[in-house]
Each structure stands twice: as structure tokens, then as C-alpha cells.
Amino acid sequence: MPTDSPQAFDAAGFLASVGAAAQAAQSTAELDLVAQEHLGKRSALAGAHKVLGQLGDEERKAAGALLYEARQGAEALLSARRVEIEALERQRQLETDRLDLTEVVLSSVVQPISVGHAHLIAQTQAELEDVFVAMGFTVAEGPEVETDWYNFEALNIPPAHPARGMWDTFYLDLGDAETVVLRTHTSPVQVHLMEEAVRSGDPRLHAVMPGRCFRRDTPDARHLHTFHQIEGLVIDEAIAFVDLAGVIQTFTTAYFGPGINSRLRPAYFPFTEPSAEFEITCTICRGEGCRTCSQTGWIELGGCGMIDPAVLEAVGIDHERWSGFAFGFGIDRCAQMRHQIADMRALVENDVRFISQF
Ligand code: PHE
């Protein structure tokens, strides 16, 4: 009898082989191959089927039933395994999708969240305060909205004084015309401190006063209409101009480091006498001359001078016994010079690409 004789077909062996192969298959594609191999045209089962016709009736019936059952059994095994494999494949797909999503989230779509930091101007103010605190100064603050008296009159600038033109002023309309201003400098804080000191009975002061100021200026590479100053005030017995020059020089070296020089040039302020302008080497060009320093090699940081006796008298300090000096300069200007920022307007444009550099 030939091996593919239907009567000799080993149904149990066939089903065991289908079961083992189906179990080994890990994908529907592999399972299709198993089905093709065991049930397809070239399978032993199909071979046995072909010779059924050569058998007698009885034999053909028995053999046909055997082959039929074998096929049914094989198909049951294959479809049970197919259900398992499809579940496995769905599981694998979910895993892959989940991993893909994670990759996308981390790399290209969502930028890593960065923690913010203090703005460069705030950092600079804190550094300047540190330098002066190390030199023995205290830190004080005053209001941004001032009366005309604090911003001008107490500082020896009476109404209609020509020096008022030095500060293009924003006035607040609170009733009486031109009596309340957005402070144009931090010098009015000097007046508040002196008044307090007089009330406490001891006019001695060594303080710096940082804060925001306002001027009706058109912004350019070196000016903002809303900017920051730090004021300095020293009042004691026997204070002289050399003390002022010493403080300015010590500050310049401490904050800007070696290679940046300071110079004082004669100037005029109504509240100091004598007065000077305080300049430092332009850090953009290191003194060579450039657009930022208008080709001079120097950048003006602010003003200073010995407190005018008229200012001491206005707050009730005896100018025969006490003397002092004051200075005031731009915090934004310091940030600009320290970090070589060609155009100061970048400080307030809030472009994160710029701001995050500091
Ligand atoms: N307040 C002056 C200004 O802003 C600067 C200054 C301060 C000058 C203290 C002298 C003394 O222009």
C-alpha cells in the first residue's frame, strides 16, 4: 500500500504534527504556512484524498470519514491558535505604538520644560547691591510715583528752573496740573532717607537705592523710557570729594573687573556741587570707539557730586556740621556694559532666545 493510501493515513500523528507546528507559529503569516503545509494541495492529506476514488465503496466511506475528521480536527487546532496569535499581535502592536508615542513626545514635539530665571536686569540689580553691601552700604527703596517736591524742589530744582529740561518728565494727571510725576531718577529717595534720618536724630547715612525710573525719551541703543538706576548717598562728618572718587573707583573695579577704567568729568546737577559725570571704558569696543559709545570709547553710567548745602538745608540737616556725596547711575547700562549688549532695547523686547542667554 502506498504511503498516501487513505486507509493508512495516520490521523493521530497528523493532528499531533499540526498542533505542534501551530503552537510554534508566532504570527498569522507563519500559521498560514502551517495550514498550507498540512492542508494544502501538496499535503499528505490532499495526497490521500486523491486516491480515495480508487477504493471500493465501503473502504472509500471509512477512509473519507477518517480524512474528513482529520481535516476538521486540524482546522479546529489552526483556528484556536489563530485566535491566540491575533491577540498576541494586537498586544505587540499596542506595545509598539506606545513606545513610538513616547519617543515622539521626548524628542521632537514637546521641548523639554526649562525652569525660568531672574531677568538680567533683576540679576544685575542684585549684583550691584551685593557690591555696595560689601562696601558697607545699606539698601533702601522709595516710591515710583513722586510729588514734584521730592523729584525736583527738595533737590534744589524749583519750578521753572531751566535744569528741569534735563529730565523729560511724565506727569500724572491727578487734579492739580504737574504736581505728581513718575520719578525721573532715584534721587528723590535720597530726600526720603534724609527726612527719616533727621526724624531719628542722626543724619548719618550710607545707603544705596535701586529702582525703576521713567523719562519721556525715545528708546535707542543706550536709552529706555522705563529704566533702572541705583542711587548712592553718604552723609557724615568730614566727607570729601576724594571719598566719592574712591567709592566710584572701587565699585568699577569690583563690578566690571580689571581693564575697565572709570573717569569723572565736570558736569552740572542742581543738587550737587561740585558735580561730575561718571564714565567707564566702553566694553563693547574696549575703548576703541564704536556705534554704542558714539565713537568716544567711553560710556556714561551716571552722575555724582558733593551734596549741595541747599539740599541739606531743605530737609533740615546742618550743612556746617554734616557733608556728603551722592551718585546715581543706570542699572540697565551696567548690564549692557557687563554683557556687551550692543543695543539696550534687547533687554525689554522679551525675546526668549536673548533673555535665556543670561
Ligand atoms: N539723578 C541724576 C540723574 O539721574 C544723577 C545723579 C545722582 C547726579 C546723584 C548727582 C548725584 O541724572
Side-chain angles (χ1 to χ4, degrees), residues 125 128 132 137 139-144 146-158 161-170 181-194 205-217 222-236 239-249 251-252 262-280 299-312 314-315 317 319 322-334 336 344:
Q125 176 174 326
L128 294 173
F132 284 109
F137 287 77
V139 180
E141 279 182 280
E144 293 177 354
E146 286 286 13
T147 59
D148 186 89
W149 195 77
Y150 282 100
N151 196 79
F152 292 122
E153 275 187 69
L155 292 166
N156 203 27
I157 319 169
H161 190 285
R164 286 200 176 204
M166 293 168 72
W167 299 275
D168 281 321
T169 310
F170 283 116
V181 303
L182 291 181
R183 67 178 175 196
T184 59
H185 48 183
T186 41
S187 297
V189 190
Q190 287 185 35
V191 181
H192 289 289
L193 289 195
M194 287 189 278
L205 281 164
H206 295 77
V208 287
M209 298 141 260
R212 196 153 60 144
C213 304
F214 312 84
R215 285 185 202 174
R216 216 150 40 76
D217 276 341
R222 276 175 308 175
H223 299 89
L224 301 173
H225 53 66
T226 301
F227 60 102
H228 300 76
Q229 283 191 336
I230 185 161
E231 190 87 6
L233 175 64
V234 170
I235 294 183
D236 212 322
I239 296 291
F241 195 89
V242 65
D243 300 313
L244 166 61
V247 166
I248 297 278
Q249 186 51 50
F251 158 75
T252 303
S262 67
R263 69 176 187 184
L264 298 181
R265 299 207 305 161
Y268 170 75
F269 296 101
F271 34 91
T272 45
E273 180 58 35
S275 302
E277 248 164 32
F278 160 25
E279 297 183 336
I280 61 160
I299 285 280
E300 188 198 329
L301 274 196
C304 58
M306 301 307 292
I307 301 184
D308 194 294
V311 174
L312 296 175
V315 293
I317 295 177
H319 74 267
W322 306 100
S323 60
F325 64 78
F327 56 83
F329 57 86
I331 294 176
D332 324 75
R333 205 56 83 69
C334 284
Q336 180 180 28
M344 191 191 273

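When a ligand or atom number is given, it counts from 1 through the structure's own listing order. Numbers for residues simply follow the sequence, beginning at 1.
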Any F329 heavy atom less than 4.0 Å from ligand 1: no

More than 12 foreign heavy atoms under 6.0 Å from CD of E141: is that the case here? no

Do F137 and F251 have their ring centres less than 6.0 Å from each other? no

Show the atoms of ligand 1 that are less than 4.0 angstrom away from any heavy atom in H185. 1 (N), 2 (C), 4 (O)

Check ion pair D217-R222 (N to O, under 4.0 angstrom): no

Is the shortest distance from a heavy atom of G302 to ligand 1 less than 4.0 Å? no

Proximity flag M166 to ligand 1, non-hydrogen atoms under 4.0 Å: no

Mind checking whether M306 has a heavy atom under 4.0 Å from ligand 1? no

Output yes when a side-chain donor or acceptor of T186 lies under 3.5 Å from a complementary backbone atom of G211, and no otherwise. no

E146 and H192: CA distance, side-chain angles, deciding distance, side-chain hydrogen bond (donor to acceptor under 3.5 Å, both in side chains) verdict: CA-CA 11 Å; E146 286 286 13; H192 289 289; 3.0 Å; yes

Which atoms of ligand 1 have any heavy atom of W167 under 4.0 Å away? 3 (C), 4 (O), 12 (O)

I want to know if ligand 1 touches Q229 in the polar sense, i.e. an N/O pair below 3.5 angstrom. yes

Ligand 1 contact by F325, heavy-atom criterion under 4.0 angstrom: no

I'd like to know if the side chain of R216 and the backbone of T169 have a donor-acceptor N/O pair within less than 3.5 Å. yes

If we ignore hydrogens and angles and just use 3.5 Å, is the side chain of R265 paired with the main-chain N or O of E277 as donor and acceptor? no

Taking a cutoff of less than 4.0 Å between a non-hydrogen atom of the residue and any ligand atom, is S275 in contact with ligand 1? no

Distance under 4.0 Å to a non-hydrogen atom of T272: what atoms of ligand 1 satisfy this? 10 (C), 11 (C)

Test of understanding: given a 4.0 Å heavy-atom threshold, classify the contact between C304 and ligand 1 as side chain, backbone, both, or neither. backbone

Could you tell me whether the side chain of E279 and the main chain of R263 form a donor-acceptor pair under 3.5 Å? no

In this structure, atom 9 (C) of ligand 1 is nearest to the protein heavy atom E231 OE2, 3.3 Å

Return the residue, atom name and 0.1 Å-rounded distance of the protein heavy atom closest to atom 6 (C) of ligand 1. G303 O, 3.6 Å

Numbered atoms and elements of ligand 1 in range of F327, under 4.0 angstrom, heavy atoms: 7 (C), 9 (C)

Side chain of N156, backbone of P270: donor and acceptor closer than 3.5 Å? yes

One should read off an interatomic distance between I239 CD1 and I307 CD1, to the nearest 0.5 angstrom, of 9.5 Å

Does any N/O atom on R215 come nearer than 3.5 Å to any N/O atom on ligand 1? yes

State yes or no: are the ring centers of H185 and F271 separated by less than 6.0 Å? yes

Contact (N/O only, under 3.5 Å) between T184 and ligand 1: no

Between S187 and ligand 1, is there a nitrogen or oxygen pair with a distance under 3.5 Å? yes

